[in-house]
Amino acid sequence: MMELLDAVTALGIDLANVAQAGPPTDLPAPVPDFVSEILGSVRSFLDGGIEKLGSTVSDLTPGGS
């Protein structure tokens, strides 16, 4: 993990800014409702509110388990 952080730092990427950018807050009308829920889950994952993003997204996706 430390190697990844070193590589990101070497590229000049500020992780705090990346986490704050996050997914868009407003979506165009044709996007299904579950997409907003998935993006909210990504925000929660970045904030530390959820630990397993994959299983959360699967639960929110139509046809997911």
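- To the nearest 0.5 Å, atoms NZ (Lys52) and CZ (Phe45) are separated by 11.5 Å.
- Take Ser41 and apply the side chain to side chain contact (heavy atoms under 4.5 Å, CB included) test, not counting sequence neighbours, and it matches Ile50, Leu53, Thr56, Leu60.
- Going from atom CZ of Phe34 over to atom CG of Asp59 covers 13.5 Å, rounded to the nearest 0.5 Å.
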